[in-house]
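All values below were derived from every heavy atom in this structure, side-chain atoms included, with hydrogens, water molecules and symmetry-related copies excluded. Being a predicted model, the structure only gives us computed values, none of them experimental. Convention: sequence-line order gives letters A, B, ...; per-chain numbering from 1.
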Protein chains: 2
Amino acid sequence: MPGRNRLFDEEKALAQAAEVFWIKGYEAASTEDLLAAMDMNKGSLYNAFGNKRELFVKVFDWFAQRFIRNMKEVFAKHANTIDAIREIFLHVAYADDPMEHTKGCFYVNILGETTGMDPDLEKVAKEKLIEIEKLFYKELTKAWKAGQLTSSIQPALLAKHLLNLWNGINITRRLYGEKELGKLVELNLQLCFSGK
Amino acid sequence: MPGRNRLFDEEKALAQAAEVFWIKGYEAASTEDLLAAMDMNKGSLYNAFGNKRELFVKVFDWFAQRFIRNMKEVFAKHANTIDAIREIFLHVAYADDPMEHTKGCFYVNILGETTGMDPDLEKVAKEKLIEIEKLFYKELTKAWKAGQLTSSIQPALLAKHLLNLWNGINITRRLYGEKELGKLVELNLQLCFSGK
DNA sequence: ATTATTTTATACCAATCGGTCAAAAATAAA
DNA sequence: TTTATTTTTGACCGATTGGTATAAAATAAT
C-alpha cells in the first residue's frame, strides 16, 4: 500500500519555517523563502502542508506549544513566583542571541501584521497572547493564596499588566540596549512587587 | 514657462496615503491601494512623489510632524505634567474612533514590520519613537525642577518607562476593551506617580 | 496664437507572487 | 517482481507587484 518515504523531518521543517515567519512575518515570507529554509521543493511542501496559510497555522501552533511549555517550566523551577516572572522578563532584556531583539515576539509581530487585515490569523495571534495572560493569572493566584505575593494589585489586573509589559518590552527591545531594558524590567518588578 | 496645474491637494493626498500605510503597513500597501485612496493616477503619483518609498518617507515625516505637535499641545494645555501624561495615555485607551485600536501606533507598526528587514525605514521609525521619549524627558525634567513631580523615579528612566508603556498599550489595545485598557493606564500612573 | 513646460491618463513592462500539474523515483504489500 | 501508493522534482500558470513610456491635456509666458 504505502509509497515513498519522506525525505524531510517534519519537526525540523516546522522549526525552519517558524524562523522565516518570525523574522519576515506572514505575508512577507515568500514560498521561495520557506522552501529554501525548509530545504524542500515546492511540490513536497504543498503535498505535505496544503498551502502557505495551513503551513503557517501549523507552524504557529507548534511554536506556541513549545513556548508555553518553556514558560511553565520556568514557573515550575522557582519556589517563588516573582522570581519566575523576573527570569521571564530578564530573559527578554538579556537575550541568548542578539538576533532575538530583532525578531521580537512572534505573537506580537503576527498580531501587529494581521490586525484589521486578516481576521482569522489575528484571532489566532490574540489567543496565543491571552494564553500568556492566563498563565500569569494562574501563577499569581497560586502565589496569592500561598500568601507569597507582595503586591497590592489584584492578580487579574496584575496578569494584564504583565502581558502589557510583555508586549511593550518586545517592541522596546528594538530601541534600547540590554542594560536599559534590564533597568525597565527591574523598575516594573519593583513597582509591582515591592510595595506591601 | 510653467505648465498644467496640479489637480490634487498635496496635504490631502499625504493624509490619505498615511491612512493606507498606517492600516496596511509599508509593503502590504500596494500602489493601487495608494492610488485609489489618494484619488490619483499612477503617472501623477510617480511624477509628484518619485516612488513608493519616497512617498512613504514623506508621508511618515508629515505624520510625525503633526503627531509631535499634537502631543506638545497636550502638555501646553495642562498646568500639571502628570495630567498631560494621563490625557495622552487615556486617549489611547478610550479612542475617538474604535478603528484606532485596530490601527495601533503608526510608528510601532512600521518599526515592527521593518526591523531586521529594511534598515533605512527601521531607523526612521526608531527615531520617531525616540522623539516621543525625548519629549517625555523634557516635560518630566521641567516638572521635576518645578517640584511638581510626585515620583521617586528619575526622569530619564521614567521617560523610557513611559515610552515602553506607549509601545505596550498600543499592542495591548488590540486585545482588551477600553475599560480594561483604562484600568491598565490608571494602574501605571498610580505606580509611577503616587508613591513619595 | 504659439511655445515651452508640467501634469494627467493609460497602456505596458519584467519580476515575483502563491499555487498546480505531470512525470520520475521510491517504497512496501501482494 | 509486479503493483498500488506516496513523495519528489521542476516546469509552468494566471494574477499582482512596483515602475516606465508615451501621448493628450492644461497652463502661463512670449
Could you measure the distance from the OH atom of B/Y107 to the CG atom of B/N170? Nearest 0.5 Å is fine.
11.5 Å

Nearest whole Å is fine: how far is D/dT9 C1' from A/L35 CG?
11 Å

Any side-chain donor-acceptor pair under 3.5 Å between A/D33 and A/S30?
yes

Check whether any side-chain N or O of B/K103 sits under 3.5 Å from a backbone N or O of B/E19 as a donor-acceptor pair, and report yes or no.
no

Is it the case that more than 12 heavy atoms not belonging to B/Y137 sit under 6.0 Å from its OH atom?
no

Between CZ of A/F49 and P of C/dG18 the distance, given in whole Å, is 16 Å

Please report the distance, rounded to the nearest Å, between CD in B/E32 and P in C/dC17.
18 Å

d(NZ, A/K42; C1', C/dC17) in whole Å:
8 Å

Quick one: label B/N41 by what it contacts on the DNA or RNA (base, sugar-phosphate, nothing), any heavy atom closer than 4.0 Å.
base

How do A/D33 and A/G43 order along DNA chain C: which one's closest nucleotide is nearer the 5' end?
A/D33

Does a side-chain N or O from B/N5 land closer than 4.0 Å to OP1 or OP2 of D/dA26, or not?
no

Checking only heavy atoms, does the side chain of A/K52 share a donor-acceptor pair with the base of C/dG19 at less than 3.5 Å?
no

If I take atom CG in residue B/N51 and atom P in nucleotide C/dC13, what distance separates them, rounded to the nearest angstrom?
22 Å

Whole-Å gap separating P (C/dT5) and CG (B/N47):
15 Å

Round to the nearest Å and state the distance from A/L34 atom CG to C/dG19 atom P.
11 Å

d(CE, A/M38; C1', D/dT7) in whole Å:
14 Å

Just compare C/dG18, D/dT9, C/dT8 and give me whichever is closest to any side-chain atom of B/R6.
C/dT8

With a 4.0 Å cutoff (strictly under), does any side-chain N or O of A/T31 reach OP1 or OP2 of C/dG18?
yes

Need one value for A/A28: base, sugar-phosphate or nothing, where a base atom within 4.0 Å counts as base even if backbone is also close, heavy atoms only.
nothing

Between the side chains of B/W144 and B/Q154, is a donor N or O closer than 3.5 angstrom to an acceptor N or O?
no

Classify A/S30 by what it touches in the nucleic acid, base, sugar-phosphate, or nothing, heavy-atom distance under 4.0 Å.
sugar-phosphate

